[in-house]
Amino acid sequence: MRTSRPEHERWRPTIAPRLEPWPREPAVIVVGAGAAGIAAARTLRARGISVAVLEARDRVGGRLVTVPLRGHPVDLGGHWLHAGPINPLVRLGTARGEPLRVAAQASHLWVGRRRGRTAEAAALGRAFALADRAMSRQATWEGPDRPAASALPPGLGPWGRRVERVHGLVSGQALGQVSLQDFPSMEYGDNRFIAGGYGGYLARLAQGLPIALGMPVTGIDWSGPGVRVAAGDTTFAARAVIVTIPTMVMRETALFTPALPPDVAAAITGFRTGIYEHAVLHWPSCPFRGGDQLANLVGGREACPGLLTCIDGTPFHFFELDAPMAAALDARRAGADGVRRLVRATLAAHFGGRALHDLTIPAVSEWRHDPWARGSWAVVPPGHAGARAALRAPVADRVWFAGEALSRLQWGTAGGAYEEGLRAADAVADRLRA
Ligand SMILES: Cc1cc2nc3c(=O)[nH]c(=O)nc-3n(C[C@H](O)[C@H](O)[C@H](O)COP(=O)(O)OP(=O)(O)OC[C@H]3O[C@@H](n4cnc5c(N)ncnc54)[C@H](O)[C@@H]3O)c2cc1C
């Protein structure tokens, strides 16, 4: 396991919110100042309950962070506001007058060394539609669970392989590793972007909250009454705790005294690690023009799992790495520079080496090596589809969980994490007021 600072933590974020000091005797402690923790803290505060947040990093935002690259705000974690109609961060952003814009549905297509033809784009669109229909139809809660890959219709040919790769990329694992019952819950349509970055937006929402930074929690004693939370050389007491630590981090540490009930512990350890990493390209002469559009590169020698072009209409683009690609790179200890070499080789195979004359790769994210994330999001493997719900029930009415892993409809996303933070905080507030 690597211990050096992951590359995405080298920059200071674009926005550092002004934080308030801790209240003397908080009723509730929130562990983690990502989307879920910030939602929980804002909600408890709005309901008049004193709350304090402990965050391990020296910044807020967790897996949402926006940093300045060549003067432009670039997200090194989450970037899309998915599932617009049900995403609480879209609802809140609209009410606050945040600079949201609707993401284009259309995408570019590049086949081998040329632009894709209209008929090829139509064939890819049909393959996506067929696969989505087949997977949604077969993903019932009755009967045993199975891998999402087993529901893909046969005979889709090369376009089918592209569909499988894209679904694997956005799932965080190849579809053979993903629960079919869990898979279709995500509502991908109707996405938004936000000027200034998703991380910048979340940092604005943390303004004025009582968050202590640089305070990794090392123990949570829930033997009662209330809870005692250890961080640094201090133990803090409260009536309840909301834990938003990523499941991939929680399963590596013995945090709880007494140990969690077996069903809760099994839910946490049963998640797989989702991998999705950005290589940020600065490429002024990129052949794709316009703003914020996905590009499918197919038929090359090297695979490009995903490409988002012209972010905010700038020369910045995201080359996305999926789990198989990251695993292959890690197996040969390639590091961030190995990622850069692979990205260049992949793009050169499609566009020719000369087209890359002005390409630079200023940043590569490494969330899978980040000690406070250990991956991009939690993935439900086949047979584990009840895990999200299992974590929603409080433990002894003192310990609540929240975070992306718990969200059924918006799994793996910041919107889902925020929704779960709202839910947990409301449940705690109801409990304390009862
Ligand atoms: C590269 C990448 C791209 C993504 N793209 C998108 C996207 O486009 N759209 C989208 O919606 N989502 C996306 N996601 C997922 C999204 O970022 C996450 O689902 C969401 O931010 C998770 O929020 P959270 O509050 O559950 O967890 P986190 O943001 O991880 O917050 C948990 C917090 O707990 C802290 N912590 C951990 N351990 C401790 C401890 N022991 N003590 C105290 N604090 C601790 C962490 O530092 C962190 O700040 C992406 C993620 C990655 C990595």
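First listed ligand is number 1; within each ligand, the first listed atom is number 1.
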Using distance alone, decide if ligand 1 has a nitrogen or oxygen within less than 3.5 Å of any nitrogen or oxygen in [X].
X: His79; answer: yes
X: Trp372; answer: no
X: Leu81; answer: no
X: Ala417; answer: no
X: Thr244; answer: no
X: Gly403; answer: no
X: Trp80; answer: yes
X: Ala414; answer: yes

In ligand 1, which numbered atoms sit nearer than 4.0 Å to a non-hydrogen atom of [X]?
X: Arg57; value: 46 (C), 47 (O), 49 (O)
X: Tyr276; value: 1 (C), 2 (C), 3 (C)
X: Leu64; value: 17 (O), 21 (O)
X: His82; value: 7 (C), 8 (O), 9 (N), 10 (C), 11 (O)
X: Ile245; value: 37 (C), 38 (N), 39 (C), 40 (C), 41 (N)
X: Gly62; value: 29 (O), 48 (C), 49 (O)
X: Ala36; value: 25 (O)
X: Gly61; value: 29 (O)

Inset, instruction - Go through the side-chain N and O atoms of Ser365 and Glu277 and say whether any donor and acceptor fall under 3.5 Å apart. - result: yes
Inset, instruction - Could you tell me whether the side chains of His167 and Asp132 share a donor-acceptor contact shorter than 3.5 Å? - result: yes
Check each heavy atom of [X] against ligand 1 and say whether those closer than 4.0 Å belong to the side chain, the backbone, both or neither.
X: Glu420; value: neither
X: Trp367; value: side chain
X: Pro246; value: side chain
X: Val31; value: side chain

Legend entry - Positive for side chain to side chain contact (heavy atoms under 4.5 Å, CB included) with Arg12, one of Val67, Asp58, Val65: Asp58
Inset, instruction - For a side chain to side chain contact (heavy atoms under 4.5 Å, CB included) with Val31, tell me which candidate from Val241, Leu255, Val53, Ile242 qualifies. - result: Val241
Inset, instruction - Taking Arg10 for its side chain and Ala363 for its backbone only, find out whether a donor-acceptor pair lies under 3.5 Å. - result: no
Inset, instruction - For Tyr201 and Leu89, indicate whether the former's side chain and the latter's backbone hold a donor-acceptor pair under 3.5 Å. - result: yes
Measure the acute angle between the ring planes of [X] and [Y], then classify it against the limits of 30° and 60° as parallel, tilted or perpendicular.
X: His82; Y: Trp80; result: parallel
X: His79; Y: Phe193; result: tilted
X: Phe316; Y: His282; result: perpendicular

Inset, instruction - State plainly whether the residues Arg192 and Asp292 are in salt-bridge range, i.e. N to O under 4.0 Å. - result: no
Legend entry - Pair Glu164 + Arg161: basic N to acidic O under 4.0 Å: no
Which residue and atom name correspond to the protein heavy atom nearest [atom], and how close is it?
atom: atom 4 (C) of ligand 1; value: Gly78 CA, 3.3 Å
atom: atom 30 (O) of ligand 1; value: Arg63 NE, 2.7 Å
atom: atom 36 (N) of ligand 1; value: Ala56 CB, 4.2 Å
atom: atom 41 (N) of ligand 1; value: Val217 O, 3.1 Å
atom: atom 35 (C) of ligand 1; value: Glu55 OE1, 3.4 Å
atom: atom 34 (O) of ligand 1; value: Gly32 CA, 3.3 Å
atom: atom 26 (O) of ligand 1; value: Glu404 N, 2.9 Å
atom: atom 15 (C) of ligand 1; value: Gly412 O, 3.1 Å

Inset, instruction - May I ask whether Ala373 places a heavy atom under 4.0 Å from ligand 1? - result: no
Inset, instruction - From the options Ala103, Ala212, Pro216, Ser376, select the one whose nearest heavy atom is closest to atom 52 (C) of ligand 1. - result: Ser376
Check: [X] ring centroid to [Y] ring centroid under 6.0 Å:
X: Phe351; Y: Trp283; result: yes
X: Phe288; Y: His317; result: no
X: Tyr276; Y: Trp377; result: yes

Legend entry - Atom CD of Glu25 with >12 non-hydrogen neighbours under 6.0 angstrom: no
Legend entry - 4.5 Å side-chain heavy-atom contact, Ile15 and Thr66: no
Legend entry - Inter-residue atom distance Leu76.CG - Leu69.CG, 0.5 Å rounding: 6.0 Å
